[in-house]
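Fair warning: this is a prediction, and the values are worked out from it, not measured in the lab.
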Amino acid sequence: MSSLTGLLYGGLVVYLGGWYFGKWTGNFSLLLFVLTLVTFGYWLAERFAFKPRRLAAAAQLEAQEVVRRKGLARQGITKVDGDIDQAKQAVLAQPWWLDWTAGLFPVILVVFLLRSFLFEPFKIPSGSMIPTLLVGDLILVNKYHYGVRLPVINKKIIANHDPQRGDVMVFRYPENPSVDYIKRVVGVPGDEVSYRNQQLYLNGEAVPTTPAGDFFNEDTLKVEKQFTEKLGNVEHNILVDRQQTRFISPHANFPFRENCRYSGEGVTCKVPAGHYFMMGDNRDNSEDSRFWGFVPDQNIVGRAFFIWMNFGDLKRIGSFK
């Protein structure tokens with residue numbers, strides 16, 4: 001078992017190393033699930049096989065010591081060398097390979113359950129959600145807000161709230177589900193979403209925006225114009241560079257591509273059932289549903305709601321909309 005455990009740990013190191021150096025794309029949910037199963041197997045073996053054997057060996061050692069002392073006593077020898085307690089401790093001690101497997105099972109199980117069904121941490125890798133979320137923000141995502149899903153396969157088993165306009169949502173990127181994206185829900189099923197000449201329209205009506213002053217973008221080291229936008233009941237800030245005109249070049253053949261019309265002014269899409277239209281708050285620097293289409297319900301990960309750390313600016317800790 002020691003050799004087998006060593007091989008398993010060696011495989012884990014190779015997997016993590018290849019993931020870190022970009023040799024392949026890792027899947028942390030799957031890795032955590034496998035670690036939970038493997039350590040659970042060791043925990044069962046320890047509880048019902050290895051530990052009873054060690055207890056039996058310690059009891060046998062103690063019985064042998066009693067017999068030995070009685071034999072010596074019959075010969076008139078009452079002073080006996082040897083420390084039986086130290087020997088018993090050595091017999092009862094867990095080997096290293098059980099310490100690092102069965103001993104870790106409760107911790108790994110708690111992390112697996114918390115991450116799969118309650119809250120999952122994420123790090124913001126890009127500036128597409130500036131000014132709401134900055135590069136380096138460490139956020140928490142509520143995993144049960146949109147329903148309870150089975151880990152790894154992400155299949156919903158218990159429904160809860162539906163995504164609403166204005167929610168900040170983490171989801172699996174439709175073109176590569178192994179990658180997680182974070183954007184804001186702009187359109188829900190049945191909505192007609194239009195983004196023309198840097199203005200957002202919902203179902204034919206312009207979404208209200210008001211100037212909100214200048215914003216220093218540390219990502220680009222530029223001062224940019226900030227606006228307050230109201231989506232449903234959610235007011236949030238966005239960045240729009242009125243001096244910049246960005247042509248929207250869609251990715252070829254995304255699902256329900258026929259629901260979208262592109263022109264020199266922008267794009268208009270009808271959101272199909274069971275899908276959502278997502279956009280970044282940094283409107284001129286976000287590749288989102290305008291380019292690659294809709295997010296299906298089965299790709300939803302959870303609702304982002306709290307910044308729990310930013311090592312460069314502790315004042316950013318707190319909730320956001």
Peer 1: Is the count of non-hydrogen atoms from other residues, nucleotides or ligands lying under 6.0 Å from Q86 atom CD greater than 12?
Peer 2: no
Peer 1: Are any side-chain N or O atoms of N259 and backbone N or O atoms of K270, one a donor and one an acceptor, separated by less than 3.5 Å?
Peer 2: yes
Peer 1: Kindly state each residue pair satisfying disulfide bond (SG atoms under 2.5 Å apart) with at least one member in residues 182-244, sequence neighbours excluded.
Peer 2: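 Residue pairs with at least one partner in residues 182-244: there are none.
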Peer 1: Does a salt bridge link R165 with D191, judged by any charged N lying under 4.0 Å from a carboxylate O?
Peer 2: yes
Peer 1: Assess whether side-chain contact (heavy atoms from CB on, under 4.5 Å) is satisfied between R172 and D180, documenting all intermediate values.
Peer 2: CA-CA 5 Å; R172 295 178 175 180; D180 292 317; 3.8 Å; yes
Peer 1: Count the heavy atoms belonging to other residues, nucleotides or ligands that lie under 6.0 Å from CG of N203, then report whether that count exceeds 12.
Peer 2: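 Yes - once you tally the heavy atoms of other residues, nucleotides and ligands closer than 6.0 Å, there are more than 12.
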Peer 1: I'd like to know whether NZ of K222 has more than 12 heavy-atom contacts from other residues, nucleotides or ligands below 6.0 angstrom.
Peer 2: no
Peer 1: Answer yes when K183 and E287 have at least one side-chain N-carboxylate O distance shorter than 4.0 Å, and no when they do not.
Peer 2: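 Salt bridge flag = no for E287 with K183.
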Peer 1: Would you say the side chain of K123 lies within less than 4.5 Å of the side chain of D137, judging by non-hydrogen atoms?
Peer 2: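 SC-SC contact between D137 and K123 ruled out.
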Peer 1: Output side-chain donor-acceptor pairs under 3.5 Å for residues 7-24, partner residues at least two apart or in another chain, one line each.
Peer 2:
{"unit_1": "Y9", "atom_1": "OH", "unit_2": "W100", "atom_2": "O", "d": "2.4"}
{"unit_1": "Y15", "atom_1": "OH", "unit_2": "N27", "atom_2": "N", "d": "2.9"}
{"unit_1": "W24", "atom_1": "NE1", "unit_2": "Y15", "atom_2": "O", "d": "3.1"}

Peer 1: Looking just at side-chain N and O atoms, do N233 and Q164 make a donor-acceptor pair shorter than 3.5 Å?
Peer 2: no
Peer 1: Does a side-chain N-to-carboxylate-O contact under 4.0 Å join E120 and R115?
Peer 2: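 Judged by the 4.0 Å cut-off on N to carboxylate O distance, E120 and R115 do form a salt bridge.
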Peer 1: Is it true that the side chains of T5 and Y42 contain a donor and an acceptor less than 3.5 Å apart?
Peer 2: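 Short answer, yes.
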Peer 1: Quick one: do D288 and R290 make a salt bridge, cutoff under 4.0 Å?
Peer 2: yes
Peer 1: Could you walk me through whether Y195 and Y201 pass the side-chain contact (heavy atoms from CB on, under 4.5 Å) test, one step at a time?
Peer 2: CA-CA 6 Å; Y195 192 75; Y201 298 84; over 6 Å; no
Peer 1: Taking the six-membered ring for Trp and the single ring otherwise, decide whether the centroids of W308 and F119 are under 6.0 Å apart.
Peer 2: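 W308 vs F119: aromatic centres not under 6.0 Å.
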